[in-house]
Enquirer: 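A single structure is presented below for examination.
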Protein chains: 2
Amino acid sequence: MPKRVDHAERRTEIAEALLRVARRHGLHAVGMRDVAAEAGVSLRLVQYYFQTKEKLLLFGLELLAERFGERVSARVRAAGDSPGPRVMVEALLMAALPTDDESRTFHHLYTSYAVLSVNDPALAAQPFIKHPDAAEDALTELLRQAQEAGLLEPGADARLEAAGLLAMSAGLGTSILVGQRSPESATTVLDHHLNRIFRTGKAVLT
Amino acid sequence: MPKRVDHAERRTEIAEALLRVARRHGLHAVGMRDVAAEAGVSLRLVQYYFQTKEKLLLFGLELLAERFGERVSARVRAAGDSPGPRVMVEALLMAALPTDDESRTFHHLYTSYAVLSVNDPALAAQPFIKHPDAAEDALTELLRQAQEAGLLEPGADARLEAAGLLAMSAGLGTSILVGQRSPESATTVLDHHLNRIFRTGKAVLT
DNA sequence: GGTTTTGTGATACGAACGTACCACGATGTT
DNA sequence: AACATCGTGGTACGTTCGTATCACAAAACC
């Protein structure tokens with residue numbers, strides 16, 4: 001019964017199914033048939049909307065990055081009403097830590113994609129440069145504002161601090177993912193580091 | 001012509017072949033036949049020395065971690081003759097950054113294994129806890145010594161700084177791996193962070 | 001010296017994978 | 001009304017994968 005259907009929407013549904021099954025069994029283990037079953041459609045349809053598996057994976061990565069970017073910026077915006085810029089900085093860094101299921105999924109799959117991109121250049125190295133760069137720019141801007149407001153320690157370099165903070169957050173995220181570190185211990189580490197960048201150490205991570 | 005052969009040695013050779021082909025094509029893409037060809041033996045032999053693929057992968061992970069641990073501690077020992085403890089700290093952190101082919105391979109494959117371990121608990125979560133913990137202990141000890149020598153900024157917490165530094169180093173490593181950041185820029189970030197932990201900023205990364 | 005163990009080769013098997021092909025009803029177009 | 005296009009199903013094909021099986025020669029053991 002082919003009523004005219006919205007391709008973009010359908011592709012998104014299928015890609016979401018891809019991400020769900022990838023979270024459950026690992027990205028390396030997803031097959032076209034699994035995605036089809038998860039999405040509740042036939043294998044043929046997955047082929048129809050994405051011609052090849054590689055295109056499906058690529059679209060899945062874009063969707064993943066987009067969704068997570070929205071999540072982070074939403075949290076930062078929500079923290080925008082708060083007293084100091086530090087709250088926004090914390091919101092940005094905390095949103096990236098795998099503390100709940102959504103961010104855990106993101107970390108897991110994003111890292112999976114990153115690993116694949118090392119040997120498969122076709123698998124967009126772009127997202128692994130563009131998105132982190134955007135995050136770094138945003139965080140740098142937040143820190144620069146804090147610096148102009150005199151909230152940072154002297155000698156702080158906004159761009160370098162931003163890069164360091166994001167790298168630390170990513171590294172802590174991986175530690176949490178593999179079970180080496182608890183989310184609480186990770187936030188403690190991050191908080192301690194922020195305390196040495198910000199002049200007033202009053203704000204505390206939740 | 002079956003002369004008696006050293007099993008441990010043979011297993012190591014095969015596992016090394018596994019790591020080589022994994023570096024080239026990605027860990028997800030290695031098959032038993034690839035390993036056999038790379039090692040110059042028949043498929044049957046790979047089966048003979050490792051009964052199953054999972055055991056081969058597991059052994060490969062152990063070998064990878066062991067080799068890299070030796071590399072890092074060798075560099076730290078080599079820096080032991082130097083003036084201050086900071087040189088040793090830098091040696092430890094720098095050895096972990098994917099600046100040359102060996103460390104790049106390590107980062108790539110270790111991350112690949114970490115991703116797999118999320119869904120495959122059989123694939124030793126152990127190494128992803130034991131080895132980082134050991135590194136953290138070692139770095140904590142180095143920082144504690146520096147602290148007692150009065151080389152650290154006041155308010156420094158050796159354990160927290162160690163955890164933060166290692167996380168940052170790991171995160172920077174991933175950035176380098178995916179091509180977002182150059183090794184030079186990563187060392188700059190790391191150096192800047194060390195400068196805020198150590199009192200005297202005289203020592204410089206090479 | 002006969003027998004058991006050990007190392008090695010070749011090959012077969014069943015499953016799963018990505019992709020291609022064929023068919024067909026419903027919809028839109030002229 | 002005729003026809004082209006779109007969405008969908010089913011299924012087949014060729015490959016590759018991990019593993020299992022059969023066979024056999026060299027060495028070790030008693």
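To find a chain, count down the sequence lines: A is the first, B the second, and so on, and within it residues start at 1. Side chains included, hydrogens not; waters and symmetry mates left out as well; all remaining heavy atoms used.
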Enquirer: Is A/Phe50 touching bases, backbone alone, or none of the nucleic acid, heavy atoms closer than 4.0 Å?
Expert: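 Touches nothing.
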Enquirer: What is the distance from atom CG of B/Leu56 to atom CD of B/Gln47, rounded to the nearest 0.5 Å?
Expert: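 Answer rounded to 0.5 Å: 11.0 Å.
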Enquirer: I'd like to compare against my own output: the B/S/- annotation of nucleotides 10-20 of chain C with a strict under-4.0 Å heavy-atom distance to protein.
Expert: B-B----BBBB
Enquirer: Within 45 degrees of the axis of the six-membered ring of B/Phe106 and under 6.0 Å from its centre: does B/Arg67 put its NZ or CZ there?
Expert: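 Not satisfied by the 6.0 Å and 45° rule.
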Enquirer: Can you tell me how far P of D/dG7 sits from CZ of A/Arg11, to the nearest Å?
Expert: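 Result: 13 Å.
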Enquirer: Given atom CZ of B/Arg4 and atom C1' of D/dA26, what is their separation to the nearest angstrom?
Expert: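 Taking CZ of B/Arg4 and C1' of D/dA26, I get 11 Å after rounding.
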Enquirer: Tell me whether the OP1 or OP2 atom of D/dG7 has a side-chain N or O from A/His7 closer than 4.0 Å.
Expert: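 Answer is yes, contact under 4.0 Å.
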Enquirer: Within the structure, does a side-chain N or O atom of B/Tyr48 lie under 4.0 Å from either OP1 or OP2 of C/dT8?
Expert: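 Result: no.
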Enquirer: Does OP1 or OP2 of D/dT8 have a side-chain N or O of A/Tyr49 closer than 4.0 Å?
Expert: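 For D/dT8, OP1 or OP2 has a side-chain N or O of A/Tyr49 closer than 4.0 Å.
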Enquirer: With a cut-off of less than 4.0 Å, is there a side-chain N or O of B/Arg10 near OP1 or OP2 of C/dT8?
Expert: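 Yes, within the criterion.
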Enquirer: If we ignore angles and hydrogens, is there a donor and acceptor under 3.5 Å between the side chains of B/His108 and A/Asn119?
Expert: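 Judged by distance alone, the side chains do pair up.
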Enquirer: Is there side-chain contact between A/Tyr48 and A/His7, with heavy atoms separated by less than 4.5 Å?
Expert: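 Side chain of A/Tyr48 against side chain of A/His7, heavy atoms only: contact under 4.5 Å found.
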Enquirer: For B/Pro183, which of B/Leu172, B/Leu97, B/Thr99 qualifies under side-chain contact (heavy atoms from CB on, under 4.5 Å)?
Expert: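 For B/Pro183, the side-chain contact (heavy atoms from CB on, under 4.5 Å) test succeeds with only one of B/Leu172, B/Leu97, B/Thr99, which is B/Thr99.
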Enquirer: Measure CG/B/Asp6 against C1'/C/dG7 and give the value in whole Å, please.
Expert: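 The answer, rounded to whole Å, is 14 Å.
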Enquirer: Take the protein atom NE2 of B/His28 and the nucleotide atom P of D/dG18, then report the distance between them rounded to whole Å.
Expert: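 B/His28 atom NE2 is separated from D/dG18 atom P by 12 Å.
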Enquirer: Compare all side-chain heavy atoms of B/Thr174 with those of A/Thr111 and state whether any distance is below 4.5 angstrom.
Expert: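 A side-chain contact is absent here, since even the closest heavy-atom pair is not under 4.5 Å.
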